[in-house]
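Every value quoted in this text rests on a predicted model; they were computed, and no experiment measured them. Indexing begins at 1, ligand by ligand and atom by atom, following the structure's order.
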Amino acid sequence: MIRVTGVQPDSIGDQLGLRVGTELLSVDGRELEDFLDWEFLTAEERFLLYVRQPDGEEIEYDIERPLHEALGVSLEPPRIRRCANRCDFCFVDGLPDGLRDVLYIRDDDYRLSFRYGNFATLTNLKPKDVARIIEFRLSPLYVSVHATDPVVRRYLLRNPTAPEILPQLRHFADHGIEFHTQVVMSPGVNDGDVLRETLADLYAFGSAVIGCSVVPVGLTEFSKHHLVREPTAEECRAALELIDDRAAISRAERGAHWAYGADELYLRAGVELPPAEIYGGFEQVENGVGAVRWLQRQIEAGADELQGWEGRRIGVVTGTAMSRLMPMVLEPLAVHTGARFELIPVVNTLFGASVTTAGLLPGAALQQALAGRHELDLALLPGESVNDSGLFMDDMSFEVLAAAVPMELRLSRDFTDALQLPVPA
Ligand code: SF4
């Protein structure tokens, strides 16, 4: 059963009499469990919908509608699938106490992998889930592989019953499902020969595995440092060599780079980032893979729209990780806009200095960094640093922060989104 949370006026759902609180029970006799059932089972031109209205009345609708016409109902969010693993590097373990409850949820959900590109391990799939992935063709999926060796993978996931990933991927691949894959690299565990073997095993799937990224493990002050550590520069360089070896094979055989290091891996290795061309469609940019090159591309593409900023002073707030790469983005931005950009790296006062990601910065640290900066006309904040309700990690709202600092604030994902808006008076 799925509950309706909103109905668009004049939509088919509205005309049928569906309303907030209506329970969608089945389509063509098949019970509805979540948004996937709803989307896939109502994709036909004609179907039977069985519902229970808030007053308890049960109704069956025989629906026939043009295929392109949406039903116009919003659904309650699905209950998140909890993770069955206990990775030593799990970010949830690295959180301090006292944050929003939702931040402590370890999700590992193939549905969110398909819909939003969240990485899933596939260790908590039931036979019914496997059948759904195949039936609904949930492809591509984003899969955290970490290691193809089952012993190493179970160790990394701290899950002795994790199913072997290669047969799992093979079964799905045989049914036409494709994957973006990642390896979170934990030094001394899944780097070196294990990484080489993992890349080779995944590459052997052919087109079913679209690509594999390698991300260095990131820890906070609260992580299990007695069990896991971050890689050294030398270990990151060694990983990049393995990635380059695999990418060279792939370029020669398939004409695509296929194996990628996260920007963070290059940063830690002290190695220059590769050119934008290697990242294809930037499919793993949300995973920090090719993020700098993607930003540069966005700026080039939107340059003509960035007018009226000549001589303005703009602060660019970021985490300490990106601050070393950001000059590569701000230089072309200054050329295109004529504005003066000042990078403002902010240390994460909530999670500790070792958490360097811009998206995890708390509002209090941003306020401290921007207080008294009257000379700035505008400050750009990382768009991903607030949730859908506009709250930073420490529950400070964007509005509260904006009222507490002397310049206009804008959230931005690629600079062009914020700088295409009118210039502040
Ligand atoms: S798979 Fe590992 S890192 Fe991801 S949520 Fe589960 S325990 Fe945490």
Side-chain angles (χ1 to χ4, degrees), residues 77-97 99-126 129-130 133 138 140-166 168-169 172 179-191 194-195 198 202 212-231 262 264-265 284 286-289 321 351-352 354-357 359-360 384 387 393:
R79 206 173 314 131
I80 299 297
R81 293 289 180 91
R82 300 303 170 109
C83 177
N85 314 310
R86 299 293 295 183
C87 308
D88 291 337
F89 53 79
C90 183
F91 185 75
V92 175
D93 287 334
L95 294 175
D97 292 337
L99 301 178
R100 290 194 289 278
D101 286 350
V102 68
L103 294 173
Y104 298 103
I105 296 174
R106 293 170 203 260
D107 70 274
D108 191 3
D109 197 322
Y110 69 93
R111 302 168 302 176
L112 305 186
S113 173
F114 169 68
R115 173 52 52 83
Y116 302 114
N118 295 10
F119 278 90
T121 65
L122 310 182
T123 53
N124 56 358
L125 296 186
K126 299 185 178 76
D129 301 322
V130 173
I133 289 171
L138 304 185
L141 292 176
Y142 289 73
V143 180
S144 285
V145 172
H146 302 331
T148 50
D149 181 310
V151 175
V152 177
R153 189 165 192 257
R154 284 175 187 142
Y155 174 82
L156 282 161
L157 297 174
R158 296 282 176 178
N159 182 351
T161 60
E164 291 193 29
I165 189 71
L166 288 176
Q168 262 189 317
L169 295 182
F172 286 128
F179 310 97
H180 295 285
T181 59
Q182 75 157 348
V183 168
V184 173
M185 188 185 87
S186 182
V189 183
N190 62 341
D191 54 353
V194 176
L195 179 58
T198 298
L202 294 175
C212 181
S213 66
V214 179
V215 183
V217 71
L219 304 175
T220 78
E221 284 180 11
F222 306 93
S223 298
K224 299 171 178 170
H225 289 272
H226 56 295
L227 294 171
V228 60
R229 65 174 173 84
E230 294 184 345
E264 177 79 10
L265 194 64
Q284 291 207 33
E286 298 288 338
N287 201 22
V289 179
F351 298 131
S354 62
V355 176
T356 55
T357 312
L360 300 177
E384 65 277 21
N387 67 7
M393 277 288 163

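When atom types are taken as modelled, the side chain of D108 and the backbone of T121 share a donor-acceptor pair closer than 3.5 angstrom. Side-chain N or O atoms of N190 include one that pairs as donor or acceptor with a backbone N or O of S186 at under 3.5 Å.
Interface of T121 with ligand 1, defined as ligand atoms under 4.0 Å from a residue heavy atom, comprises 1 (S).
Separating the OG1 atom in T148 from the CG atom in L169 is a distance of 9.5 Å, to the nearest 0.5 Å.
The nearest heavy-atom contact from the protein to atom 2 (Fe) of ligand 1 is C87 SG, 2.3 Å. Nearest protein neighbour of atom 8 (Fe) of ligand 1, counting heavy atoms only, is C90 SG, 2.3 Å.
Residue-ligand proximity: D108 is placed with every non-hydrogen atom at 4.0 Å or more from ligand 1.
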Problem set entry | Working for salt bridge (charged side-chain N to carboxylate O under 4.0 Å, His left out), residues R79 and D109 | CA-CA 10 Å; R79 206 173 314 131; D109 197 322; over 6 Å; no

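Residue-level proximity to ligand 1 for C83 is carried by the side chain, the only part with a heavy atom below 4.0 angstrom. Residue-level proximity to ligand 1 for N85 is carried by backbone and side chain together, each with a heavy atom below 4.0 angstrom.
In summary, the side chains of Q182 and S144 do present a donor paired with an acceptor at a separation below 3.5 Å, with no hydrogens or angles considered.
Residues F89 and H146 are in side-chain contact: their nearest non-hydrogen atoms beyond the backbone lie under 4.5 Å apart.
Which of R82, R106, R86 comes nearest to atom 5 (S) of ligand 1 through a heavy atom is settled by distance: it is R106.
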